Amino acid sequence: MAEIPDKPVLEGLEAKWDEKWDAAGTYRFDRAAAAASGRPGVFSVDTPPPTASGSLHIGHVFSYTHTDVKVRFERMRGKSVFYPMGWDDNGLPTERRVQNYYGVRCDPSLPHDPDFTPPFEGDTKSTKAADQVPISRRNFIELCERLTVEDEKHFESLWRDLGLSVDWTQTYRTISDETIRTSQLAFLRGIERGEAYQALAPTLWDVDFRSAIAQAELEDRDQPAAYHRLAFHKSDGSGDVHIETTRPELLAACVALVAHPDDERYQPLFGTTVRTPLFDVEVPVLPHPLAQQDKGSGIAMICTFGDVTDIIWWRELDLPNRTIIGRDGRVLADPPEALATDAARTAYAEIAGKTVFSAKKRMVELLAESGELVGEPKPFTHAVKFFEKGDRPLEIVSTRQWYIRNGARDEQLRERLIELGRQIQWHPDFMRVRYENWVNGLTGDWLVSRQRFFGVPIPVWYGLDDAGQRDYSRVLTPDAASLPIDPTADAPASYTEAQRGRPGGFEAETDVLDTWATSSLTPQLAGGWQRDDDLWQLVAPFDLRPQGQDIIRTWLFSTLLRSALEDDRAPWTDAAISGFIVDPDRKKMSKSKGNVVTPADILAKHGSDAVRYWAASSRLGTDAAFDPQNPTQIKIGRRLAIKVLNAAKFVLTFPVPDEARITEPLDASMLAALDRVIAQATTALEGYDHARALEVTESFFWTFCDDYLEMVKERAYDPADPGQASAALALRTALSTLLRLLAPVLVFAAEEAWSWFAEGSVHEAGWPQSSGVPGDAAVLEAAGEALIVVRRAKTEAKVSQKTPVSRLVLGAPGPVLTALKAAENDLRAVGRVRSIEFTEAPTTQVVVIDLDTPGEV
RNA sequence: GGGCGAUUGGCGCAGCUGGUAGCGCGCUUCCUUCACACGGAAGAGGUCGUGGGUUCAAGUCCCGCAUCGCCCACCA
């Protein structure tokens, strides 16, 4: 047992205990125990893998603490805890960070350079694309791995500081070979079952990242725009039709006009054609119910493709595809065939090769010159779809992509996903609604292919026909045993590398999988799916998925989907959704603000227990305010942690005789009250209400220190008092119980104090049970009230609380008097009262108090 | 346009299945060092956003409204 320091401090506890826990394997998953108890004896967590290329902020500390509190509770209750940690090092954030960190960009056409060293290392403001050195895909990926490994070290260090009880032998990286294998295997099984398929379709496209984007990655941003009124010419020469558009640059891609079927203004035009301004292309005027009569002029031009509505019209009205925007976001060099006249081609040449922005500007000039722009453009603001990590509005281009069915076009699957969502216990429950909203709002299957470099390669090749053309109907897949594969480096079975790109040979799919297509498999990745079946049986389906509310539509939904497709069950029984951290002014905390305080700074300054206390004080699903300049809650947590150390030190000065028994009513009363606290905290933690558990425990702890401890310490000191042993035992019992109740939150202070008198870790000690001492909680309560009135009398007399009282008459209602009399000796001790009398009164009050020092009441 | 939350003393929050408002911080006053000055004690401070309704009784249930936040939406 450790020696109790003269003056206990919080400083240094984090490093000390992290090392000891690590050495003792305190948080290691005990597989033998788990195997013995089976799945019911295990508590498994599908931990969110932080984005390695990002930085951890106070919000991470917040939500991971919530999980850790629950995990520690379950561990103390005797569960074999499976609490892994993953690193999400896939995806665009990593690529982008590598580009800026090393000043490079990936050019897949370049050969590998084994001696390559990056131009520089370190975070810079940002490097312009033009300044970045082009490097091969392999060199690029090597840098991605190098940087993510570094990031992961920093992350782990922070998590250890915070005291997360993660099993650091159970980690995974989303870019590891094992992850790639699992991800590819799951995808191939999807192909076999027909859930994964490829299709040529209009696709939301980010022109900067040059990749397709899924619905779940969209976000709306308000953008300035302007209505441009354009004159289309009726083919019969009877005049013009005016439409309004925000995207005049797409005029060459116009394939029809559309108005509402009931719109009397345009009904005569249905079935006729008009000619486009400038380009003189004949397009039909068609009715469709999606056209809104009150918007613009009530008649719209359909282009391939200006927005998602265009896609619907194009599809439902069976229109031609007249694409003019390329994957680089510039107007294609060659005009569509429909542009037949020289004038049209000349006009097109004016915008060919220009960005959307420049093309729009030029088109407006040209239309103004031709007189077909009617009036001035009318500026306004509207929402435009962006890739959530992108900088420019998304375009829509027709591309061939891979998809996974998600219920958008399959009523049965959708119903099943809703049903599985309802089988999960959500904390808080209303978060389920967000999930259901998302599922019911899906407009298309999940687009999983990305035209990127760093990620899980889509594990297929395509057969080439005799002309060397790719035959998309001949998808060549690898054997499960050969995974992981890189189709650009490995050849399919029954082919040789020499046949790559040759007629009759094969060609690789070069796309990688969406990062969520891998992240959606975190239970499988951590739990040994198709790798370690015994482990999988012990941990899956998992108990808990903790995560932020912002990724319900992505991570939560996609994980549930994969589990439904693979096992037809929910991947977890419970989902705990943490809220956001907001600034004191209630705005969502933004990283871009100047005074960024890193979590490491905060932990170092206030102590991890203090920060954990702050986090644990907020309930799941509730946003919490955080003011780095004035972290009130953290300071309170710090005070509590220090108090725990000091109270423990004090309690431990009273040795407990072997034969000690609870004999005093006040001691029994305190323990009975503590039993209630145990029951309340346990119920709260079972229901994921860590804030409630902490509140009741903390509240009792202060009563324990301020009232009980003060009342019994004289008795505990006094060997002549027959109640001494009872006091010592009660104090020790309460200390042991309180430390265990507080251990999930104040992990370091509780462990430190525990080490002063007990063997082993408090975090492996059993969760406290009722002491079963038959006590009347009313005694402590009544004594507490009496204490207050006596203290008040002394305060009002402006004397020290230690001032002796020669005579005290306490008044109280009958039942309270009975309870007070049971604690009479302790009351006399704490009040320094020589003589005490009791009398009936409507409320607890001081009737007479005679102080030994001058002063009167 | 649809939905989900929130609205309780200066600030941050509790108030579970309805019975005349609690906690912490801050504030005021007082007490020092025999566990804790990174301390202790006492006190002041609220007609629970708003308008209706149900009930003997409503922060607590029902309906409408307002403000704030978030999610979703086919946003020419």
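Model, not experiment: these values are computed from the prediction. So you know, we letter chains A, B, ... as the sequences are listed, proteins then strands, and number each from 1.
- Residue-level contact check: A/Lys385 touches the bases, meaning some heavy atom is under 4.0 Å from a base atom.
- Using the Watson-Crick or G-U wobble rule with both distances under 3.5 Å, B/rA58 pairs with nothing in any strand shown.
- Here B/rA76 presents its P atom at 12 Å from CD1 of A/Ile312, a figure rounded to the nearest Å.
- Listed candidates were B/rC38, B/rA42, B/rC75. Nearest to the side chain of A/Arg792 is B/rA42.
- Across B/rC25, B/rA14, B/rC38, the shortest atom-to-atom separation from the side chain of A/Arg692 is found for B/rA14.
- Across every strand in view, B/rG39 sits in a pair with B/rC31 that passes the Watson-Crick or G-U test at under 3.5 angstrom.
- Contact detail for A/Ala753 and A/Leu652: the closest heavy-atom pair is O-CD1, 4.4 Å.
- On the C1' atoms, B/rC48 is 13 Å away from B/rA14, given to the nearest whole Å.
- With both ends at atom P, the span from B/rG45 to B/rG52 equals 29 Å, rounded to whole Å.
- A/Trp702 comes within 4.0 angstrom of sugar-phosphate atoms only, judged by non-hydrogen atoms across all strands, and of no base.
- A donor-acceptor pair under 3.5 Å is formed between the side chain of A/His690 and the backbone N or O of A/Ser618.
- Ranked by how close their nearest RNA chain B nucleotide is to the 5' end, A/Tyr717 and A/Gln293 are led by A/Tyr717.
- Between B/rG1 and B/rA57, the distance separating the two C1' atoms is 41 Å to the nearest Å.
- Residue-level contact check: A/Ala225 touches neither bases nor backbone, having no heavy atom under 4.0 Å from any strand.
- Along RNA chain B, the nucleotide closest to A/Asp706 and the one closest to A/Lys798 are compared, and the more 5′ of them pairs with A/Lys798.
- Nearest to the side-chain atoms of A/Gln801 among the listed nucleotides B/rA14, B/rA41, B/rA76 stands B/rA41.
- Contacts of A/Ile636 with the nucleic acid, taken as non-hydrogen atoms under 4.0 Å apart, involve only primed sugar atoms and P, OP1 or OP2.
- In this structure, A/Asn440 reaches neither bases nor backbone, as no heavy-atom distance under 4.0 Å exists between it and the strands shown.
- Looking only at side-chain heavy atoms (C-beta outward), A/Lys385 and A/Val308 come within less than 4.5 Å of each other.
- Listed for the A/Asp826 side chain is no donor-acceptor partner under 3.5 Å among the backbone atoms of A/Val712.
- Between A/Lys802 atom NZ and B/rA41 atom P there is a gap of 13 Å when expressed in whole angstrom units.
- Taking atom CG of residue A/Asp623 and atom P of nucleotide B/rC71, one finds them 11 Å apart after rounding to whole Å.
- Whole-Å rounding puts the A/Phe430 CZ to B/rG69 P distance at 17 Å.
- Syn is the classification of B/rG59, since its glycosidic angle stays within 90° of 0.
- Considering only side-chain N and O atoms, A/Gln680 lies nowhere under 4.0 angstrom from the phosphate OP1 or OP2 of B/rC16.
- Nearest nucleotide to the side chain of A/Ala291, out of B/rA76, B/rC74, B/rA42: B/rA76.
- Rounded to whole Å, the distance from CD on A/Gln633 to P on B/rC11 is 16 Å.
- Using N1 to N3 plus N6-O4 or O6-N4 for Watson-Crick, or N1-O2 and O6-N3 for G-U wobble, each under 3.5 Å, B/rA44 pairs with nothing.
- Between the OH atom of A/Tyr613 and the P atom of B/rC13 there is a distance of 13 Å, rounded to whole Å.
- Residues A/Phe654 and A/Tyr717 place their aromatic rings such that the two centres sit under 6.0 Å apart.
- Comparing B/rC75, B/rA42, B/rC74 by their nearest atom to the side chain of A/Ala383 picks out B/rC75.
- Here, B/rU55 and B/rA41 have their P atoms 48 Å apart, quoted to the whole Å.
- When the C1' atom is compared between B/rU60 and B/rG22, the two are found 14 Å apart, to the nearest whole Å.
- For A/Glu710 against B/rA35, a side-chain N or O and a base N or O form a donor-acceptor pair under 3.5 Å.
- A/Asp307 comes within contact range of the sugar-phosphate backbone alone, with a heavy-atom separation under 4.0 Å but no base atom that close.
- Side-chain contact between A/Thr632 and A/Ile634 is absent, with no heavy-atom pair separated by less than 4.5 Å.
- A/Thr795 and A/Gln801 share a side-chain donor-acceptor pair at under 3.5 Å.
- Distances shown here put every side-chain N or O of A/His228 at or beyond 4.0 Å from the OP1 or OP2 atom of B/rA76.
- Comparing B/rU47 with B/rU20, their C1' atoms sit 11 Å apart, to the nearest whole Å.
- Between the C1' atoms of B/rA21 and B/rG46, the separation comes to 8 Å (whole Å).
- Heavy atoms of A/Arg247 sit nowhere under 4.0 angstrom from any nucleic acid atom.
- Between B/rA76, B/rA37, B/rG43, one nucleotide has an atom nearer to the side chain of A/Lys7 than all others, and that is B/rA37.
- Under the Watson-Crick and G-U wobble criteria, each requiring two contacts below 3.5 Å, nucleotide B/rG26 is left unpaired.
- Atom C1' of nucleotide B/rC70 and atom CZ of A/Phe580 are separated by 8 Å, given to the nearest angstrom.
- Of the candidate nucleotides B/rA73, B/rC74, B/rA42, B/rA73 has the atom nearest to the side chain of A/Trp438.
- Considering only side-chain atoms of A/Arg434, the nucleotide from B/rA14, B/rC25, B/rC70 that sits closest is B/rC70.
- Within 4.0 Å of A/Ile788, counting heavy atoms only, lie sugar-phosphate atoms of the nucleic acid but no base atom.
- At a threshold of 4.5 Å between non-hydrogen side-chain atoms, the residues A/Trp446 and A/Gln215 do not count as touching.
- Judged by distance alone, the side chains of A/Glu698 and A/Tyr613 do bring a donor and an acceptor atom under 3.5 Å apart.
- Among B/rC71, B/rC38, B/rA76, the nucleotide with an atom closest to any side-chain atom of A/Thr246 is B/rA76.
- A/Glu219 comes within 4.0 angstrom of nothing in the nucleic acid, heavy atoms only.
- Note on A/Arg639: only backbone sugar-phosphate atoms sit closer than 4.0 angstrom, heavy atoms only; bases stay farther off.
- Between B/rU54 and B/rC11, the two C1' atoms lie 36 Å apart (nearest whole Å).
- Summarising the geometry, the separation between CG on A/Asp707 and C1' on B/rA42 is reported as 13 Å, rounded to the nearest angstrom.
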